[in-house]
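Heads up: the structure comes next, in structure tokens.
First the proteins, then the strands, lettered A, B, ... as listed; each starts at 1. The figures here come from the full heavy-atom set of this structure, side chains too, leaving out hydrogens, waters and symmetry mates.
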Amino acid sequence: MEMPKAYNPKEHEDKIYQSWEDNGYFKPKIDKSKKPFVVAIPPPNVTGSLHIGHALDNTIQDVMIRYNRMKGNPTLWIPGTDHAGIATQNKVEQRLAKSGKTKHDLGREKFVEEVWKWKDEYQGHIVGQLKKLGSSCDWSRLRFTMDKDYSKSVIEAFAHYYDKGYLYRGNRIINWCPRCHTSISDLEVEHEEELGSLWYIKYQIENGKDITVATTRPETMLGDTAIAVNPADKKFSDLVGKVAILPIINRKIPIVADKAVELEFGTGAVKVTPAHDPVDFEIGERHKLEKIIIIDEDGKMTKEAGEQFFGMDRFEAREAVVKLLDEGGWLTKVEPYSHSVGHCSRCHTVVEPLLSLQWFVSMEKIVVPAISVVKKSEIKFHPNKWKKVYLDWMDNIRDWCISRQLWWGHQLPVWYCECGKIIVSKEWALEELENVSRETKTRECPKCKSHKIERDQDVLDTWFSSALWPFATLGWPEKTSDLNYFYPTMFLATARDIIFLWVARMIMSGLEFMDEPPFKDVYIHATVFNKEGKRMSKSLGTGVDPLDLMEKYGTDAMRFGLLWQTAQGQDMKFGEDAILNGQRFANKIWNASRFVMMNLDDYKIVTRETIKDNLTKEDKLILDELEITIKQLEKYFSRYDFQHAVELIYEFFWHNFCDKYIEVAKIRIRKNDKTKSAAQYTLDKTLKDSLKMLHPFMPFVTEAIWENLNQKKPLIISDWPKYQ
RNA sequence: GGGCGAUUAGCUCAGCUGGCUAGAGCAUCUCGUUUACACCGAGAGGGUCGGGGGUUCGAAUCCCUCAUCGCCCACCA
């Protein structure tokens, strides 16, 4: 055999991966008598490429898959991507903008075609990255959340929720992004502490008195329809029921008593803008106040805000209002005030709370079993502290706004008749999915028989569809044998920022549609930060591209290095040192193997029994240590303790086997003494078992060596080593 | 405002339910080796384990407190 002195990943990785794939080793070897090991990989979205956190997700899942495969369990990893509604639409809009176009120039249909082109390009890119990472996915099952079959699942889910009465359409205060021009869910709002001002505004009261309120958003006073005070507040008790006069526009508004008002804050009196603040909305509901919309979907002032402000940007309007208040003597005080302001997680525009007609999922019932399975540890979080985080959120969950005013996504299977009837139709939606054109098919309102029916233009929140991933990818709602055999999955590795967005929603929908939790173990890995402790982000220029790392050090080195640094659940400041160490380790494994092979030329395969009398104490020691290592490694696997697993095997292989054992064995083999074949046996045995243990972590270098060892079966499907 | 976590060698971090001279990788220094590997080996230096207090025969490890940093959640205008 001719092995060069250094391991060169580039010579082996692609070739080996291809041969694994071609031989079908990534496909599950179905054995009905065994419980399959299935991972529920979070589908990366198609906006761009994988980042270092994804590299970690995928490495961990691949380690678990490879380990289980070697243990003889049927394994399945369904790869895929999600359509990431807002994010992808933004990307394509940006690309269009370069040629001076907007999506409106193209129209919805053409624009969506453009997005599909984008998707094809980036899905291919992501698939390439996953393969480069060594991920053992069953590529014949590649899924996308807008595939036709997947869309059927989404329609089914929506109709199911609707039939059960869990969906409703309502005018509520939602988070609106004026730039993305869509509603977003609470989870898509990022709160940031900002230094603003607290303006004190004095309102005249009809009886000649006055009342002062404090606000951080003076422009919203244009939409005020009341002033509220706490019912227990004695200093205002005589004012409740009186009428105040709104400055500038002279609207008469009542002073009401409402428990939502804090006694201590500001002046104890609050202006009420029911159309632009969630708390004010609630107050408005309780006191039957008018809701005046003064800010529109572009973040500009409406006609209702008054002629002089009409069309003005909301922040300009703030200045204008403040100026007028000041000039009119209504502004009594301004103080600097730090408060948190919501931003759109996709474009960072300040979110506008807006009264809007949207679809919601009622959480009241759905949340109950999803809490219970985690409480009862039918689903376990690793590390366990995330259990509390999950439960706290679930306990305080609010209804989920699922409609989005986007063009890219699953259009709601909802129609509205001119008579006002809302029609949720699976049948119609499926027809349109199959391209039955609207012209050839006349829809009729089941209530009034009218044909003037229009489909809702909105699409669903991407997470509504992602939440179905563990079973939609297996054919649900059809009762397929795949679904029967592979559901529920076992394991999920992901980042903590996705616990609510995705993990919680999968749990809820898994229980709702399958009556079984979608997975058993949720592993929340470390968040990767750069050396300065800042979040890795390509857009901020603080990211590291895993492809670059793999190019520079090799895939095995990167996988090893990432796991080496991954303390359970801790944040990790990423440094390339660990990856460099991984590269050295790969080389060490390569060279130790080279040594063993060079000294096995005259070795006739023997069993331990035949050479047992010639085993020296060093032989026995390393063979014992080998067994202990296998045993300990399995323990770490069962705890998902990858960092210690990697350290353990590194320590054993490098220091026990290479530094100590090989050095003694070397001498005996050269001297050609009677214990030579015992040494050869020990080298052979220890090397092979070590390669097996290393394979889940460093699949390429170990498989490349295995090829040189001329084994019958490739390492990827060889048997996991045994211990006594 | 609530919650979580961190603070251990120059750097990145291990140290489980308290117990031998506190460990690893990188970096530094010394020596060695060019017939598996210089992407090597042997060894060395370097830490009052954030501050203070407490429990204990004994604490990096448990409790209290302070400080600094980070993250998540949140409808006090």
* To do: May I ask you to decide if A:K5's main-chain N or O and A:N591's side chain share a donor-acceptor pair within less than 3.5 Å?
  => yes
Kindly say whether A:R217 contributes a backbone atom to a donor-acceptor pair with the side chain of A:T215 at under 3.5 angstrom?
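Judged by distance alone, yes, a pair lies under 3.5 Å.
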Within the structure shown, what part of the strands sits under 4.0 Å from [X] by heavy-atom distance: base, sugar-phosphate, or nothing?
{"X": "A:W199", "result": "nothing"}
{"X": "A:I662", "result": "base"}
{"X": "A:K271", "result": "nothing"}
{"X": "A:V596", "result": "nothing"}
{"X": "A:E264", "result": "nothing"}
{"X": "A:F281", "result": "nothing"}

Rounded distance (Å) that lies between atom [atom2] of [N] and atom [atom1] of [X]:
{"X": "A:K387", "N": "B:rC4", "atom1": "NZ", "atom2": "C1'", "answer": "17 Å"}
{"X": "A:E188", "N": "B:rC73", "atom1": "CD", "atom2": "P", "answer": "12 Å"}
{"X": "A:F560", "N": "B:rU12", "atom1": "CZ", "atom2": "P", "answer": "20 Å"}

If only side-chain N and O atoms of A:R594 are considered, is one of them under 4.0 Å from the OP1 or OP2 phosphate oxygen of B:rC40? no
>> Just N and O in the side chain of A:K588: are any of them under 4.0 Å from OP1 or OP2 of B:rG41?
In response: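 It does, given that an N or O in the side chain of A:K588 lies less than 4.0 Å from OP1 or OP2 of B:rG41.
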### Message
Could you check whether atom CD of A:E319 has more than 12 heavy atoms from other residues, nucleotides or ligands sitting under 6.0 Å from it?
### Response
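12 or below, so no.
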Heavy-atom count check: over 12 atoms from other residues, nucleotides or ligands less than 6.0 Å from A:K380 NZ? no
Are the ring centres of A:W564 and A:F560 closer than 6.0 Å?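 Yes - the distance between ring centres of A:W564 and A:F560 falls below the 6.0 Å cut-off.
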Check: A:Y337 ring centroid to A:W199 ring centroid under 6.0 Å
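Centroid distance A:Y337-A:W199: not below 6.0 Å, so no.
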Whole-Å [atom1] distance, [N] and [M]:
{"N": "B:rU48", "M": "B:rC66", "atom1": "P", "answer": "26 Å"}
{"N": "B:rG41", "M": "B:rG10", "atom1": "C1'", "answer": "25 Å"}
{"N": "B:rC64", "M": "B:rG23", "atom1": "P", "answer": "29 Å"}
{"N": "B:rG15", "M": "B:rU7", "atom1": "C1'", "answer": "15 Å"}
{"N": "B:rA67", "M": "B:rG25", "atom1": "C1'", "answer": "30 Å"}
{"N": "B:rA24", "M": "B:rG46", "atom1": "C1'", "answer": "15 Å"}
{"N": "B:rA60", "M": "B:rA14", "atom1": "C1'", "answer": "12 Å"}
{"N": "B:rG53", "M": "B:rA59", "atom1": "P", "answer": "13 Å"}

* Most 5' of A:Q583 and A:D186 on RNA chain B, judged by nearest nucleotide ->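 Of the two residues, A:Q583 wins.
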The residue, A:K660 or A:A6, whose nearest nucleotide of RNA chain B is more 5′ is A:A6
Parallel, tilted or perpendicular: which one describes the rings of A:H382 and A:Y640, with boundaries at 30° and 60°?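 Taking A:Y640 first and then A:H382, their aromatic rings stand perpendicular (interplane angle over 60°).
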Stems of at least 3 consecutive Watson-Crick or G-U wobble pairs (donor-acceptor distances under 3.5 Å) involving RNA chain B, listed by first number, are B:1-7 with B:67-73, B:10-13 with B:23-26, B:28-32 with B:40-44, B:50-54 with B:62-66
If you measure from the Lys or Arg side-chain nitrogens to the Asp or Glu carboxylate oxygens, is any gap between [X] and [Y] under 4.0 Å?
{"X": "A:D280", "Y": "A:K291", "value": "no"}
{"X": "A:E618", "Y": "A:K660", "value": "no"}
{"X": "A:R286", "Y": "A:D258", "value": "yes"}

Within residues 333-342 of chain A, the residues having a heavy atom closer than 4.0 Å to RNA chain B are A:Y337, A:S340
With a distance cut-off below 6.0 Å to the six-membered ring centre and an angular limit of 45° from the axis, does [X] pair with [Y] as a cation-pi contact?
{"X": "A:K666", "Y": "A:F595", "value": "yes"}
{"X": "A:R505", "Y": "A:W400", "value": "yes"}
{"X": "A:R172", "Y": "A:F281", "value": "no"}

So which protein N/O to nucleotides 20-25 of chain B N/O distances come out below 3.5 Å?
| from | atom 1 | to | atom 2 | distance (Å) |
| --- | --- | --- | --- | --- |
| B:rG25 | O3' | A:N581 | ND2 | 3.4 |

Exercise. Would you state whether a donor and an acceptor, one from the side chain of A:E663 and one from the base of B:rA36, lie under 3.5 Å apart?
Key: yes
